[in-house]
Amino acid sequence: MATKAAVSISVAASITAASSSSSKFVINTPHRFLCLKRLSSFSSFSASALAIKCTSISNCSPNKSARSMEGFTTRTRASAQPLENANELIASVETFIFDCDGVIWKGDKLIDGVPETLDMLRSKGKRLVFVTNNSTKSRKQYGKKFETLGLNVNEEEIFASSFAAAAYLKSINFPKDKKVYVIGEDGILKELELAGFQYLGGPEDGGKKIELKPGFLMEHDKDVGAVVVGFDRYFNYYKVQYGTLCIRENPGCLFIATNRDAVTHLTDAQEWAGGGSMVGAICGSTQREPLVVGKPSTFMMDYLANKFGILKSQICMVGDRLDTDILFGQNGGCKTLLVLSGVTSLSMLQSPSNSIQPDFYTNKISDFLSIKAATL
């Protein structure tokens with residue numbers, strides 16, 4: 001039986017099929033992340049009451065029923081405990097979901113002890129799933145990266161936010177005669193193609209420029225029914241304007257974000273601006289909030305729980321970010337383990353201003369080996 005986040009609100013949203021440029025998809029909520037519910041149909045891009053779950057990024061607690069806006073209350077979680085008994089955690093969990101960047105690798109460098117840890121968990125019969133908000137690669141491309149790093153990971157065990165964007169469009173029966181404009185990289189294009197959707201944009205628009213001369217009007221494709229925004233190293237003003245025109249002027253056009261991560265690990269030397277910076281630009285120009293399909297939205301959690309038939313209370317989410325990985329696990333009603341090998345430091349976790357507390361924390365996933373795991 002699926003559990004829900006402790007703090008969630010239901011809001012009604014409508015898509016206005018007006019032809020004027022003021023047509024907008026309005027979601028009246030201040031909350032940053034959207035947890036998406038599967039929709040049975042989405043014909044003609046018009047829905048008078050599209051129900052969407054929105055979850056606050058703070059004060060979330062697993063295994064509690066959702067509260068409505070009327071009864072909105074906050075709840076403080078107990079402080080995270082250091083992982084001192086790996087035996088107990090491993091024994092209580094059937095499936096481990098791992099974030100990738102900052103947990104399995106940094107940039108193109110494998111984090112110490114990862115192969116041995118994954119082998120140990122597999123030997124104990126644990127299911128391993130890898131979920132990443134990085135949309136630059138498709139599942140197949142991530143499979144090749146795992147292989148290059150010497151890890152034996154099946155493509156079916158990988159869930160990237162590029163795949164989540166295509167899966168979401170399929171879940172709402174996005175019309176095949178409509179197109180998707182992509183502000184992002186090759187991973188999104190490949191997943192859209194595999195799902196049978198028409199698309200334009202992507203890296204090839206990275207070299208396009210706008211000559212701003214008097215009277216210039218930029219044309220855009222009126223058949224674009226969704227704009228998908230992910231991390232994009234070829235981000236430019238052309239893409240901002242094109243995506244903005246589609247969202248503001250095409251009736252019912254969806255604004256979908258693969259994630260809103262502030263930073264990412266492009267190399268192991270430092271943190272780099274993440275996909276949230278690209279999404280933020282489109283938010284600013286359209287005055288719209290996106291539908292977020294990556295972490296901490298529960299869309300991917302619901303998808304893989306259904307796919308594998310996983311009981312969420314038997315899942316442990318392992319990640320290095322509080323506002324994506326840990327909140328993702330908490331929103332899904334899972335156990336959560338923070339590793340300090342990526343974005344979040346111990347001082348950040350223990351800061352009085354931080355309200356997102358995992359169940360446990362440890363330095364890196366290979367601590368499963370040093371904190372002696374019992375043979376099951």
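Heavy-atom basis, side chains included; hydrogens, waters and symmetry copies ignored. Computed from a prediction, not measured in an experiment: that's the story for all the values here.
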S.K.: With hydrophobic residues grouped by side-chain heavy-atom distances under 4.5 Å, do Leu194 and Phe159 end up in a single group?
M.R.: no
S.K.: I'd like a table of donor-acceptor pairs (distance under 3.5 Å, sequence neighbours excluded) in which one partner is a side-chain atom from residues 212-226, with atom names and distances.
M.R.:
residue	atom	partner	partner atom	Å
His220	NE2	Asn250	OD1	2.8
Asp221	OD1	Asp223	N	2.7
Asp221	OD2	Lys179	NZ	2.7

S.K.: Decide yes or no for Tyr234 and Lys239: does some side-chain heavy atom of the first lie under 4.5 Å from some side-chain heavy atom of the second?
M.R.: yes
S.K.: Any donor and acceptor pair, going by atom type alone, linking the side chain of Lys312 with main-chain N or O of Met301 inside 3.5 Å?
M.R.: no
S.K.: Please name all residues satisfying side chain to side chain donor-acceptor pair (under 3.5 Å) with Arg139, sequence neighbours left out, ordered by chain then number.
M.R.: none
S.K.: Around atom CG of Asn154, are there more than 12 heavy atoms from other residues, nucleotides or ligands closer than 6.0 Å?
M.R.: yes
S.K.: Whether the Asn134 and Thr136 side chains hold a donor-acceptor pair (N or O, under 3.5 Å, no angle test) is what I'd like checked.
M.R.: yes
S.K.: Would Phe231 and Val343 show up in the same hydrophobic cluster when neighbours are defined by side-chain heavy atoms closer than 4.5 Å?
M.R.: no
S.K.: Salt bridge between Lys170 and Glu191, side-chain N to carboxylate O under 4.0 Å?
M.R.: no
S.K.: Measure the acute angle between the ring planes of Phe299 and Tyr303, then classify it against the limits of 30° and 60° as parallel, tilted or perpendicular.
M.R.: tilted
S.K.: Before accepting this row, confirm whether a basic side-chain N of the pair Lys145/Asp108 lies closer than 4.0 Å to the acidic partner's carboxylate O.
M.R.: yes
S.K.: Do Gln357 side-chain atoms and Leu349 backbone N/O form a donor-acceptor pair below 3.5 Å?
M.R.: yes
S.K.: So which of Asp325, Asp261, Asp323 actually passes salt bridge (charged side-chain N to carboxylate O under 4.0 Å, His left out) with Lys295?
M.R.: Asp325
S.K.: Are any of the side-chain heavy atoms of Phe98 and Leu121 separated by less than 4.5 Å?
M.R.: yes
S.K.: Could you walk me through whether Asp112 and Ser366 pass the side-chain contact (heavy atoms from CB on, under 4.5 Å) check?
M.R.: CA-CA 7 Å; Asp112 292 342; Ser366 60; 5.7 Å; no
S.K.: Rounded to the nearest 0.5 Å, how far apart are CG of Leu83 and CG of Asn363?
M.R.: 10.5 Å
S.K.: To the closest 0.5 Å, what do you measure between CG (Leu337) and CE (Met317)?
M.R.: 9.5 Å
S.K.: Please report the shortest heavy-atom distance between Ala281 and Phe235, naming the atom on each side.
M.R.: CB-CZ, 3.7 Å
S.K.: When rounded to the nearest 0.5 angstrom, what distance separates CD1 in Ile256 from CD1 in Ile188?
M.R.: 10.0 Å
S.K.: Is Lys140 salt-bridged to Glu193, going by a charged N under 4.0 Å from an acidic O?
M.R.: no
S.K.: Give me the ring orientation class for Tyr142 and Trp105: parallel if the planes are under 30° apart, tilted from 30 to 60°, perpendicular past 60°.
M.R.: parallel
S.K.: The test is side-chain contact (heavy atoms from CB on, under 4.5 Å); show your working for Glu185 and Ser135 and say whether it passes.
M.R.: CA-CA 7 Å; Glu185 299 193 16; Ser135 62; over 6 Å; no
S.K.: So does Lys144 get a backbone contact from the side chain of Thr148, meaning a donor-acceptor N/O pair under 3.5 Å?
M.R.: yes
S.K.: Checking Asn236 side chain against Gly206 main chain: does a donor-acceptor pair fall under 3.5 Å?
M.R.: yes
